[in-house]
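Throughout, protein chains are lettered first and strands after them, A, B, ... in sequence-line order, and every chain is numbered starting at 1.
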Amino acid sequence: MPTPFQEEVYKALSMVPKGCVTTYGAIAAYLGTQAVRAVGTAVGKNPYAPKVPCHRVVPVSGKIGNYSGEGGVTRKIALLKEEGVETVAGKIDDFEHVLYRYDS
DNA sequence: AGCGTGACGAACT
DNA sequence: TAGTTCGCCACGC
């Protein structure tokens, strides 16, 4: 039984369309929290397993960041690529182009 | 020097 | 004890 906070993260993450990615800061801002790290933890725990595409969450740096999964970051990149997000040198290509904004 | 980012750490139950 | 949650501090540019 996750906390409302987790649900907020899940909601924010689920509104990200396929082929797009979001950032910890964007989610934190959307939730109105100052703790972007809490978002990382919530997503890292990934209590919503397949429903929360945690691999769609990336740091604002445009890099893949971290990933707690099978092959780690490498796996994350592969998943992103499958989603339609192209990556170059371990970074997201056209990051701002695939970056989803809750401003829409 | 200041602001922003971060898949953590420490505290509570 | 262990598990879970939420926010501050440190490093980089």
Side chains of residues 20-28 of chain A: which donor-acceptor pairs under 3.5 Å do they make with residues two or more places apart or in other chains?
| unit_1 | atom_1 | unit_2 | atom_2 | d |
| --- | --- | --- | --- | --- |
| A:Thr22 | OG1 | A:Tyr102 | OH | 3.3 |
| A:Thr23 | OG1 | A:Ala26 | N | 3.0 |

Between side-chain atoms of residues 91-100 of chain A and protein atoms elsewhere (two or more places apart, or another chain), which donor-acceptor pairs fall under 3.5 Å?
none

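Residues from residues 74-84 of chain A with heavy atoms under 4.0 angstrom of DNA chain B, sorted by number: A:Lys76. Less than 4.0 Å separates DNA chain C from no heavy atom of any residue of residues 8-17 of chain A. A heavy atom lying under 4.0 Å from DNA chain C marks none of the residues of residues 19-30 of chain A.
One hydrophobic cluster holds both A:Met15 and A:Val9 under the rule that ILVMFWY side chains link at heavy-atom gaps under 4.5 Å. Under the 4.5 Å side-chain heavy-atom criterion for Ile, Leu, Val, Met, Phe, Trp and Tyr, A:Val39 and A:Leu13 are members of the same hydrophobic cluster. A:Ile77 and A:Val57 sit in two unconnected hydrophobic clusters of ILVMFWY residues. Membership requires side-chain heavy atoms under 4.5 Å apart, directly or through other members. In this structure, A:Leu79 is not a member of the same hydrophobic cluster as A:Val73, with clusters built from ILVMFWY side-chain heavy atoms closer than 4.5 Å. A:Phe5 and A:Tyr30 fall within the same hydrophobic cluster, defined by Ile, Leu, Val, Met, Phe, Trp and Tyr side-chain heavy atoms under 4.5 Å apart, directly or through other members.
Atoms NZ (A:Lys45) and P (C:dG3) sit 10 Å apart, rounded to a whole Å. Rounded to an integer number of Å, the gap from CD of A:Gln6 to C1' of B:dA7 is 13 Å. Straight-line distance from the CD1 atom of A:Ile64 to the C1' atom of B:dA7: 13 Å, rounded to whole Å.
Listed by first and then second residue, the ring pair (Phe, Tyr, Trp, His ring centres under 6.0 Å) pairs involving residues 31-62 of chain A are A:Tyr10-A:Tyr48 (not counting sequence neighbours).
Summarising the geometry of A:Ala42 relative to A:Pro47, their closest heavy-atom pair is O-CD, 3.4 Å, with the distance given to 0.1 Å.
Under a 3.5 Å cut-off, the side chain of A:Lys63 and the backbone N or O of A:Gly90 do not form any donor-acceptor pair.
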Pairwise N/O distances under 3.5 Å, protein to nucleotides 7-13 of chain C:
| unit_1 | atom_1 | unit_2 | atom_2 | d |
| --- | --- | --- | --- | --- |
| C:dG7 | O6 | A:Ala38 | N | 2.8 |

Protein-nucleotides 10-13 of chain B N/O pairs closer than 3.5 Å?
none

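Under the side chain to side chain donor-acceptor pair (under 3.5 Å) criterion, A:Glu83 pairs with A:Arg56, not counting sequence neighbours. Residues meeting the side-chain contact (heavy atoms from CB on, under 4.5 Å) test with A:Ser68, sequence neighbours left out: none. Taking the side-chain contact (heavy atoms from CB on, under 4.5 Å) definition, one finds that A:Glu8 meets it with A:Lys11, A:Leu31, sequence neighbours left out. For A:Tyr67, there are no ring-ring contact (aromatic ring centres under 6.0 Å, His included) partners at least two apart in sequence or on another chain.
Taking the C1' atoms as reference points, B:dA7 lies 22 Å from C:dC13, given to the whole Å.
For the atom pair NZ (A:Lys76) and CG (A:Asn66), the distance works out to 7.5 Å, reported to the nearest 0.5 Å.
Of all nucleotides listed (B:dA7, C:dT5, B:dT5), C:dT5 comes nearest to the side chain of A:Thr3.
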